[in-house]
Amino acid sequence: MTGIVYVRGDATTPAGKGVKIIAHVCNDLGGWGKGFVLALSRRWPEPEAAYRRWHRERAGNDFGLGAVQYVQVGPYLWVANMVGQRGIRTGSKGVPVRYEAIDTALASLADKAAELDASVHMPRIGCGLSGGKWSRVEPLIAGRLLPRGIPVTVYDHGD
């Protein structure tokens with residue numbers, strides 16, 4: 001079993017051949033306007049439009065913590081909108097990240113990646129605006145994706 005590959009670069013331009021899924025964490029409020037989602041929206045309008053529609057129609061669908069929406073943005077490229085944070089602000093209940101929700105979403109992501117024979121690409125999910133710790137997120141990724149032989153690349157932006 002190989003580990004997670006770490007590279008410097010932009011997760012919206014994943015490297016390698018074959019089918020790829022770009023995974024990222026969204027909030028449960030329907031907000032899309034800060035962080036990695038801005039980079040996604042600069043490249044493709046579909047993930048934001050699909051997420052906003054998913055939230056708007058949540059009374060009749062599975063939108064909520066731990067849910068994942070898959071949006072195809074190219075012939076071999078998908079974006080996984082994973083709902084892994086409660087709200088958008090740190091408050092009395094702590095930071096917005098919800099590790100259990102990320103874990104549930106990663107289980108779904110593993111199934112989808114296996115179905116598509118895809119590799120998974122992501123920034124350090126749950127660790128930016130949602131306030132999570134990579135030391136808590138990395139083992140969830142390793143536990144859900146690596147045992148199934150799914151290649152994972154984590155992108156650190158900048159130099």
Side-chain angles (χ1 to χ4, degrees), residues 1-28 30-58 61-85 97-99 101-130 132 134 137-159:
M1 178 170 63
T2 59
I4 298 169
V5 175
Y6 291 87
V7 299
R8 287 247 173 249
D10 181 354
T12 67
T13 56
K17 296 193 181 334
V19 179
K20 299 177 199 69
I21 302 172
I22 299 169
H24 72 106
V25 168
C26 305
N27 63 64
D28 66 349
W32 182 290
K34 288 188 174 173
F36 183 70
V37 298
L38 296 178
L40 286 173
S41 291
R42 278 194 292 273
R43 290 188 59 84
W44 310 281
E46 299 91 350
E48 178 180 359
Y51 170 78
R52 290 188 185 279
R53 185 171 51 255
W54 189 32
H55 177 264
R56 192 172 52 250
E57 299 169 359
R58 66 191 177 280
N61 64 37
D62 67 343
F63 184 93
L65 286 170
V68 187
Q69 179 188 52
Y70 300 96
V71 183
Q72 192 164 7
V73 295
Y76 303 102
L77 188 60
W78 297 73
V79 172
N81 292 332
M82 305 190 306
V83 183
Q85 69 179 70
V97 72
R98 293 295 178 267
Y99 298 110
I102 290 174
D103 190 47
T104 299
L106 288 168
S108 168
L109 179 62
D111 290 342
K112 186 70 169 182
E115 172 194 325
L116 296 172
D117 193 24
S119 56
V120 172
H121 304 260
M122 64 181 73
R124 291 187 187 236
I125 59 169
C127 296
L129 296 171
S130 52
W134 189 245
V137 176
E138 185 184 45
L140 302 176
I141 296 165
R144 292 292 185 180
L145 299 170
L146 300 183
R148 297 189 59 184
I150 298 163
V152 178
T153 302
V154 173
Y155 294 75
D156 287 316
H157 203 71
D159 308 326

Pairwise side-chain contact, Glu138 with Val154, heavy-atom cut-off 4.5 Å (strictly under): no
Rounded to the nearest 0.5 angstrom, the CD-CD1 distance for Glu115 and Ile21 is 8.5 Å
Within a strict 4.5 Å, meaning less than it, do heavy atoms of the Val37 and Glu48 side chains meet? no
When you compare the side chain of Pro151 with that of Val5, does any pair of heavy atoms fall below 4.5 Å? no
Could you check whether any side-chain heavy atom of Pro47 comes within less than 4.5 Å of a side-chain heavy atom of Asn81, counting everything from C-beta outward? yes
Between Tyr51 and Trp32, what is the ring plane arrangement, given parallel below 30°, perpendicular above 60°, and tilted in between? tilted
First locate atom CZ of Arg98, then atom OG1 of Thr104, and finally report the distance between them rounded to the nearest 0.5 Å. 13.0 Å
State the OH-CG distance between Tyr99 and Leu106, to the nearest 0.5 angstrom. 13.0 Å
Pairwise distance CD1(Ile4) to CD1(Ile141) - rounded to 0.5 angstrom: 5.0 Å
Taking side chain as C-beta onward, heavy atoms only, is Val19 less than 4.5 Å from Asp117? no
Once rounded to the nearest 0.5 Å, what's the spacing between atom CZ of Arg42 and atom CG of Asp10? 8.5 Å
For Tyr76, is the OH atom crowded, meaning more than 12 foreign heavy atoms sit under 6.0 Å from it? no
Does the side chain of Asp111 come within less than 4.5 Å of Arg148's, by heavy atoms? yes
Contact list for residues 120-129, test side-chain hydrogen bond (donor to acceptor under 3.5 Å, both in side chains), sequence neighbours left out: Ser119-His121, His121-Tyr155, Arg124-Asp156
May I ask you to decide if the ring planes of His55 and Phe63 are parallel, tilted or perpendicular, using 30° and 60° as cut-offs? perpendicular
Decide if the gap between the ring center of Trp78 and the ring center of Tyr70 is smaller than 6.0 angstrom. no
Residues at least two apart in sequence or cross-chain that pass ring-ring contact (aromatic ring centres under 6.0 Å, His included) with Trp44, listed by chain then number, are none
Side-chain heavy-atom pair Thr13, Arg43 within 4.5 angstrom cut-off: yes
Non-hydrogen side-chain atoms of Leu109 and Ile150 separated by less than 4.5 Å: no
